[in-house]
**Student:** 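If you scroll down you'll find the structure; I have some questions about it.
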Amino acid sequence: MGTSVTACLGSLGRMPELPEVESVRRQLVPELTGRRIVDAWYDAHPHARLTEVALAVGHRIVEVRRRGKFLLLPLDDGPVSPARPLELVLHLGMTGSLSIGPTSTATGDPDAGLTHVRVRYDLDDGRTLRFRDPRRFGRASVVDADDYAATVPTLATLGPEPLTEAFDPEAFAAALARTSAPVKARLLDQRLVAGVGNIYADEALWRAGIHPASRRVGRTRAVALHRHLVTILEAAVEREGTTFRDYQMVNGASGRYADFLDAYGQAERPCRRCGTTMARTTVAGRGTTFCPSCQRH
DNA sequence: CCTGGTGCCTGGGTGC
DNA sequence: TGCACCCAGGCACCAG
């Protein structure tokens with residue numbers, strides 16, 4: 001029961017996109033599945049995106065799922081069976097991370113030496129799940145399962161999971177054809193496809209040879225972009241296991257992961273495809289790196 | 001409906 | 001060494 005080591009299951013300095021969140025999910029499954037939440041505490045900061053956190057108390061975590069960048073923890077009926085099943089929704093934002101470690105009674109320190117803890121859940125195995133979030137961009141909410149429209153808007157309109165058959169190339173191409181916004185803005189807005197953030201948007205657009213600010217992406221290029229998105233996300237999910245362990249900051253990414261990046265963080269370096277100096281601009285309000293030569297509008 | 005712009009938040013980096 | 005400034009960005013929200 002319990003452990004003296006606090007396992008960190010977070011982003012460790014990189015913004016968590018689908019592969020990072022999937023990695024966290026896989027680490028959480030053996031720790032949290034079947035555990036009952038016996039007590040809760042949360043940060044009362046007025047801008048904290050923490051709602052109904054305490055409703056989880058008394059309920060067991062049935063499983064640990066993921067949709068896009070959201071972690072979804074369905075809860076069992078608990079002591080008082082609610083009209084609808086409850087679900088704990090977690091989003092790591094930019095800087096969020098989760099850890100499982102000793103309870104406050106074991107250490108005398110509620111946060112076990114950790115900084116910026118926003119939520120604590122004491123578990124029935126004598127350990128505590130802690131949600132850390134220095135910049136408060138993440139969220140934690142207990143909501144009615146599968147009824148997100150009023151509670152988690154982005155989740156309510158979330159697009160298909162890119163690593164499932166629900167992510168269809170023809171539907172993706174058709175959706176892109178229907179928009180006039182920059183293609184990168186559409187990749188980031190979570191409705192066309194779930195889980196893509198700034199890093200993988202830049203990477204996929206580079207691979208597909210598409211300018212991030214392009215407002216016209218025809219069927220052929222859209223299908224290529226779809227294929228590259230899947231390939232890149234699959235590769236990133238595979239690499240996550242090692243990325244968390246030997247974490248080192250290099251251009252905002254871990255040591256091993258940095259070698260994998262062709263666009264993100266590569267400004268002023270030669271394009272790995274054509275040698276042109278990579279450029280940096282702003283698209284959809286986000287820092288964007290691209291090759292001005294081989295990524296076309 | 002769609003689109004683009006702004007604010008939230010704070011650690012870390014830069015420039016003087 | 002100290003200090004002011006500014007950037008990173010996922011998502012919510014708002015105006016047009």
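Predicted model only: the values in this text are computed from it and were never measured.
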**Student:** How is Arg286(A) classified with respect to the nucleic acid when contacts are heavy atoms under 4.0 Å: base, sugar-phosphate, or nothing?
**Tutor:** base
**Student:** Output yes when at least one side-chain N/O atom of Thr179(A) is less than 4.0 Å from OP1 or OP2 of dT3(B), else no.
**Tutor:** yes
**Student:** Just wondering, do Leu114(A) and Ser99(A) contact through their side chains at under 4.5 Å, heavy atoms?
**Tutor:** yes
**Student:** Once you apply a heavy-atom cut-off of 4.0 Å, does Arg178(A) come out as touching a base, just sugar-phosphate, or nothing?
**Tutor:** nothing
**Student:** Can you find a side chain N or O atom of Thr95(A) that sits less than 4.0 Å from OP1 or OP2 on dT10(B)?
**Tutor:** no
**Student:** Between Tyr42(A) and Glu52(A), do the side chains contain a donor N or O and an acceptor N or O under 3.5 Å apart?
**Tutor:** no
**Student:** Which whole-number value in Å describes the distance from Leu18(A) CG to dG9(C) P?
**Tutor:** 18 Å
**Student:** Give a yes/no on whether any side-chain N or O of Arg191(A) is located under 4.0 angstrom from OP1 or OP2 of dG10(C).
**Tutor:** no
**Student:** Is Gln190(A) near enough to dG10(C) that one of its side-chain N or O atoms lies under 4.0 angstrom from OP1 or OP2?
**Tutor:** no
**Student:** Do Thr157(A) and Arg191(A) have side-chain atoms, one donor and one acceptor, less than 3.5 Å apart?
**Tutor:** no
**Student:** Could you tell me whether the phosphate oxygens of dG10(C), OP1 or OP2, come under 4.0 Å of any side-chain nitrogen or oxygen in Tyr200(A)?
**Tutor:** no
**Student:** Does Asp43(A) reach the side chain of Asp133(A), with side-chain heavy atoms less than 4.5 Å apart?
**Tutor:** no
**Student:** Over how many whole Å does the gap from Arg136(A) atom CZ to dT10(B) atom P extend?
**Tutor:** 5 Å
**Student:** Is any side-chain heavy atom of Arg35(A) less than 4.5 Å from a side-chain heavy atom of Asp125(A)?
**Tutor:** yes
**Student:** Counting only side-chain nitrogens and oxygens, does Arg280(A) get under 4.0 Å of the OP1 or OP2 atom of dA8(C)?
**Tutor:** yes
**Student:** Could you check whether Arg139(A) gets within reach of a base, just the sugar-phosphate, or nothing at all, counting any heavy atom under 4.0 Å?
**Tutor:** sugar-phosphate
**Student:** Return whichever of Leu155(A) or Arg135(A) has its heavy-atom-nearest nucleotide of DNA chain C closer to the 5' end.
**Tutor:** Arg135(A)
**Student:** Give none if dC13(C) has no partner; otherwise give the nucleotide forming a Watson-Crick or G-U wobble pair with it, both distances under 3.5 Å.
**Tutor:** dG5(B)
**Student:** How is Pro46(A) classified with respect to the nucleic acid when contacts are heavy atoms under 4.0 Å: base, sugar-phosphate, or nothing?
**Tutor:** nothing
**Student:** Just N and O in the side chain of His116(A): are any of them under 4.0 Å from OP1 or OP2 of dG11(B)?
**Tutor:** yes
